[in-house]
Engineer: 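Take this structure, written in structure tokens, and hold onto it; I'll ask about it next.
Computed from a prediction, not measured in an experiment: that's the story for all the values here.
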Amino acid sequence: APLVSVFNTSDWSYVWSWMFFDQELSGLAFSPDSKHLAAMASALSTVYLVDLTSLGDFVVVNAPDTPSSVVYSSDGESIFVGSFEYSSIRKFEALTGMELLSAFTERTAYLAVSPDGTQLWASQPVAAQVGIYSTSNLSLVEAIPISANASGIAFAQFGCQAWVVQQFAGT
């Protein structure tokens, strides 16, 4: 059965596991206040938005395409869902799951929101780039060429640097 397992970061000891809707999960994201969790079930084109204060209340977001990445906005009011298979990025309201915006893009593997909340960075390995989108309207701001299959993205503390994993380059 699909589980979400919780571990203490101080000593990596196991705390507990939560059986999750009998669905295969392929990604998790926490809201900035850590009170909500987005759990992605790619095979079902679904994202579950869970209220962690009750562990029973959740909203089902039926993404029209297979999600490959999910991330919360910096204010926690929305989530962004990227699709590698169908080349799109969608923005949903975080509490209701209502779709707010959609944009057809290059195939998107992973998403990251800039610390100031104004930019959505999307690794787009087929196009050999990282697309930078405005979080307000999902318009492309800039495309940064990345030569070796850009995959994961993370921002360093205070947002002074963006780190991009290049899967097949070993960098």
Engineer: Listed by chain and number, what are the ring pair (Phe, Tyr, Trp, His ring centres under 6.0 Å) partners of F155, not counting sequence neighbours?
Structural biologist: W121
Engineer: List for me each residue that meets side-chain contact (heavy atoms from CB on, under 4.5 Å) alongside L101, sequence neighbours excluded, and say none if there are none.
Structural biologist: K91, L138
Engineer: Mind listing the closest non-hydrogen atom pair of D75 and P32 along with its distance?
Structural biologist: C-CG, 4.3 Å
Engineer: Among T118, I79, I153, L120, which one satisfies side-chain contact (heavy atoms from CB on, under 4.5 Å) with V113?
Structural biologist: L120
Engineer: Within a strict 4.5 Å, meaning less than it, do heavy atoms of the L28 and F30 side chains meet?
Structural biologist: no
Engineer: Are the side chains of L52 and K35 in touch, meaning some heavy atoms are under 4.5 Å apart?
Structural biologist: no
Engineer: Holding to ring pair (Phe, Tyr, Trp, His ring centres under 6.0 Å), I want the full list of residues that pass it with F104, two or more places apart in sequence or in another chain.
Structural biologist: none
Engineer: Just jot down the side-chain hydrogen bond (donor to acceptor under 3.5 Å, both in side chains) partners of Y133, sequence neighbours excluded, or say none.
Structural biologist: Q124
Engineer: Of all residues at least two apart in sequence or in a different chain, which pass the side-chain contact (heavy atoms from CB on, under 4.5 Å) check with S34?
Structural biologist: none
Engineer: Using links of under 4.5 Å between side-chain heavy atoms of ILVMFWY residues, direct or through other members, which residues join V126 in one cluster?
Structural biologist: F84
Engineer: Which residues pass the side-chain hydrogen bond (donor to acceptor under 3.5 Å, both in side chains) test with T135, sequence neighbours left out?
Structural biologist: none
Engineer: Check whether any side-chain heavy atom of R90 lies under 4.5 Å from a side-chain heavy atom of S102, and answer yes or no.
Structural biologist: yes
Engineer: Kindly write out the residues that satisfy side-chain hydrogen bond (donor to acceptor under 3.5 Å, both in side chains) with S74, not counting sequence neighbours, or none if the list is empty.
Structural biologist: none
Engineer: Do you know which two heavy atoms are closest between G82 and L111, and how far apart they sit?
Structural biologist: N-CD1, 3.4 Å
Engineer: Is F80 linked to L140 within one hydrophobic cluster, defined over Ile, Leu, Val, Met, Phe, Trp and Tyr using a side-chain heavy-atom separation of less than 4.5 Å?
Structural biologist: yes
Engineer: I need the T46 OG1 to Y48 OH distance, nearest 0.5 Å.
Structural biologist: 5.0 Å
Engineer: Got a second to check how far M98's CE is from S78's OG, nearest 0.5 Å?
Structural biologist: 11.0 Å
Engineer: Report the distance from atom OH of Y72 to atom NE2 of H36, rounding to the nearest 0.5 Å.
Structural biologist: 6.5 Å
Engineer: For V81 and P67, which heavy atoms make the closest approach, and how far apart are they?
Structural biologist: CG1-CB, 3.4 Å
Engineer: When hydrophobic residues are tied together by side-chain contacts of less than 4.5 Å, even through go-betweens, does I89 share a cluster with I144?
Structural biologist: no
Engineer: For S136, what residues pass the side-chain contact (heavy atoms from CB on, under 4.5 Å) criterion, not counting sequence neighbours?
Structural biologist: S134
Engineer: Test of understanding: with side-chain contact (heavy atoms from CB on, under 4.5 Å), list the residues that count as partners of W12, not counting sequence neighbours.
Structural biologist: T9
Engineer: State, to 0.1 Å, how close R107 and S87 come at their nearest heavy-atom pair, and which atoms those are.
Structural biologist: CG-OG, 3.2 Å
Engineer: Please identify each residue that fulfils side-chain hydrogen bond (donor to acceptor under 3.5 Å, both in side chains) with E93, with sequence neighbours left out.
Structural biologist: T96
